[in-house]
Amino acid sequence: MLPRVGDSNGAEQVREVDDPLMKRGFADTRLGQIHYVVAGSGPPVLLLHQTPRSWDEYRDVIPVLGTRFRTFAMDTIGFGDSARLSGPASVESYADGVLAFMAAMELDRVSIVGHHTGGVIAVELAAHHPERVDRLVLSGTTCVDEEGRRRAAEWPPIDEVSFSPDGSHLMALWRNRQSYYPPDRPDLLQRLVVDALKVLDRVEEGHIAVDSFHMEELLPQITAPTLLMCGTEDWAAFPDLERLASYLPHAKVVEVQGTGVAMVDHVPHEFAAIVMDFLGGSSA
């Protein structure tokens, strides 16, 4: 049964979203309300999005995963409709928000799927809380070791724009992200822009948090069965894939042809099929 207002797990009333199989809710946590969407039944799976997206990045993935798994897609704290962070953003603070959400929803152990920023958050969780992570999917996840931090320091800000009374900052945000999305899918770019506008005053914080993270100290601690998947056109993560895999010699690696940073919502059915195949496999 879906949680309603006043339940002991602290979840607010759940509302339907576009797909009748998906329900929207707010979990009351020690860090404030965290917004999420849930669908399906079975072993629990938690989806973590990239910066500056929300659960909406997984909009077309959730119904597919929901056919076999109890699928949760949360707005990372500080993004979407979730509570804002009271202090500086960090990968650790984002991971703390995930733990708070899991506690509110009484999820003792989940499989985690993280894309870009979500993947880095998932590394933090899997390394420090192995008892909470069943299986791990790192999608389009950059390898933030010494080399990764050096390379990231050379990148210009991605989403940072200055507010303009004439609205020209909206076009600047669109243009900054246009090359990340397939030219025939402006609808996907529009969904990112909508998410970015919700957190425009802190829109770059997720990237800054990731770029200063020390992943090399944590990757060897991961014990959960792990899948590394990445689009071959992902300019940020694909060059790191081999190096990331070297830290995780037990991991399965899948290259997804013809897609990039927008892989999750660009090829959602292919993405979901790869994830389902891995989550449904044996631990051997």
Inset, instruction - For Thr71 and Phe69, indicate whether the former's side chain and the latter's backbone hold a donor-acceptor pair under 3.5 Å. - result: yes

Inset, instruction - Evaluate the side chain to side chain contact (heavy atoms under 4.5 Å, CB included) criterion for residues Leu138 and Leu248: first the C-alpha distance (whole Å), next the side-chain angles of each, then the deciding distance (0.1 Å), finally the verdict. - result: CA-CA 11 Å; Leu138 303 180; Leu248 296 165; 4.2 Å; yes

Cut-off 3.5 Å, no hydrogens considered: what does the side-chain donor-acceptor table look like for residues 253-263, sequence neighbours left out?
{"residue": "Thr259", "atom": "OG1", "partner": "His266", "partner atom": "ND1", "Å": "2.8"}

Inset, instruction - Might you work through the salt bridge (charged side-chain N to carboxylate O under 4.0 Å, His left out) test for Glu146 and Arg150, ending with a clear yes or no? - result: CA-CA 6 Å; Glu146 184 176 0; Arg150 178 191 55 76; over 6 Å; no

Inset, instruction - Report the distance from atom CG of Leu31 to atom OG of Ser93, rounding to the nearest 0.5 Å. - result: 9.0 Å

Inset, instruction - Would you list the pairs meeting salt bridge (Lys or Arg N to Asp or Glu O under 4.0 Å) in which at least one residue belongs to residues 260-275, sequence neighbours left out? - result: Arg53-Asp265

Legend entry - Spatial distance of atom CZ (Phe79) from atom NE2 (His49) [nearest 0.5 Å]: 6.5 Å

Legend entry - Spacing of CG belonging to Leu218 relative to CG belonging to Leu125, to within rounding of 0.5 Å: 10.5 Å

Inset, instruction - Could you note down all residue pairs passing ring-ring contact (aromatic ring centres under 6.0 Å, His included) where residues 99-120 supplies at least one of them, sequence neighbours left out? - result: Tyr36-Phe101

Legend entry - All pairs passing ring-ring contact (aromatic ring centres under 6.0 Å, His included) where residues 190-238 contributes a residue, at least two apart: Trp155-Trp235, Tyr180-Trp235

Inset, instruction - Provide the closest heavy-atom pair for Ala172 versus Val161 in the form atom of the first, atom of the second, distance. - result: CB-CG1, 3.9 Å

Legend entry - Any donor-acceptor N/O pair, Arg149 side chain to Ser212 backbone, under 3.5 Å: no

Legend entry - Verdict with reasoning, Ile121 to Thr76, per side chain to side chain contact (heavy atoms under 4.5 Å, CB included): CA-CA 10 Å; Ile121 298 169; Thr76 300; 4.0 Å; yes

Legend entry - pair Leu244-Met215: side-chain heavy atoms closer than 4.5 Å: yes

Inset, instruction - To the nearest 0.5 Å, tell me how far Ser111 OG sits from Arg132 CZ. - result: 13.0 Å

Legend entry - Ile208: side chain to side chain contact (heavy atoms under 4.5 Å, CB included) partners, not counting sequence neighbours: Glu204

Legend entry - Partner residues of Ser54 under the side-chain hydrogen bond (donor to acceptor under 3.5 Å, both in side chains) criterion, sequence neighbours left out: Asp195

Inset, instruction - Please collect all ring-ring contact (aromatic ring centres under 6.0 Å, His included) contacts where either partner lies in residues 121-146, sequence neighbours excluded, each pair once. - result: none

Inset, instruction - Return each pair, listed once, that meets salt bridge (Lys or Arg N to Asp or Glu O under 4.0 Å) where at least one residue sits in residues 235-250; pairs must be two or more places apart or across chains. - result: Asp145-Arg243, Glu147-Arg243, Arg151-Asp240, Asp240-Arg243

Legend entry - Leu65 versus Ala272, closest heavy-atom pair with distance: CD2-O, 3.9 Å

Inset, instruction - Examine distances only and state if a side-chain atom of Arg24 and a backbone atom of Val37 form a donor-acceptor pair shorter than 3.5 Å. - result: no

Legend entry - Flag, side chain of Arg202 to backbone of Gly78, donor-acceptor distance under 3.5 Å: no

Legend entry - Set of side chain to side chain contact (heavy atoms under 4.5 Å, CB included) partners for Arg84, sequence neighbours left out: Lys198, Val199

Inset, instruction - For Leu192 and Tyr181, work out which heavy atoms get closest and say how close. - result: CD1-OH, 3.2 Å

Legend entry - Reported CG-to-CG distance for the pair Leu46 and Leu107, which is rounded to 0.5 angstrom: 7.5 Å

Inset, instruction - With sequence neighbours left out, write down each residue that passes side chain to side chain contact (heavy atoms under 4.5 Å, CB included) with Thr67, or none if nothing qualifies. - result: Met276

Legend entry - Validation row: Arg177, Pro52 side chains within 4.5 angstrom (heavy atoms): yes

Inset, instruction - Mind listing the closest non-hydrogen atom pair of Ala236 and Thr142 along with its distance? - result: O-CG2, 3.4 Å

Legend entry - Nearest-0.5 Å distance that lies between atom CD1 in Ile158 and atom OG1 in Thr51: 8.5 Å

Inset, instruction - Kindly indicate, with the supporting measurements, whether the criterion side chain to side chain contact (heavy atoms under 4.5 Å, CB included) is fulfilled by Leu279 and Val45. - result: CA-CA 9 Å; Leu279 295 183; Val45 177; 3.6 Å; yes

Name each donor-acceptor pair under 3.5 Å that joins a side chain in residues 219-231 to protein atoms two or more places apart or in another chain, with its distance.
{"residue": "Gln221", "atom": "NE2", "partner": "Glu217", "partner atom": "O", "Å": "2.8"}
{"residue": "Thr226", "atom": "OG1", "partner": "Ala224", "partner atom": "O", "Å": "2.8"}

Legend entry - Electrostatic pair Asp96-Arg30, nearest N-O below 4.0 angstrom: yes

Legend entry - Heavy-atom side-chain proximity of Asp81 to Trp55 below 4.5 angstrom: no

Inset, instruction - Indicate, with yes or no, if Leu21 and Phe271 share a hydrophobic cluster defined by side-chain heavy-atom contacts under 4.5 Å among Ile, Leu, Val, Met, Phe, Trp and Tyr. - result: no

Inset, instruction - Measure across Tyr94 and Ala89 and return the closest heavy-atom pair with its distance rounded to 0.1 Å. - result: OH-CB, 3.3 Å

Legend entry - Derivation and outcome, side chain to side chain contact (heavy atoms under 4.5 Å, CB included), residues Val264 and Tyr58: CA-CA 7 Å; Val264 175; Tyr58 292 99; 3.6 Å; yes

Inset, instruction - Indicate the atoms forming the closest heavy-atom contact of Thr141 with Gly119, along with that distance. - result: OG1-CA, 3.4 Å

Legend entry - Contacts of Leu197 that satisfy side chain to side chain contact (heavy atoms under 4.5 Å, CB included) - sequence neighbours left out: Leu170, Leu173, Val193, Leu200

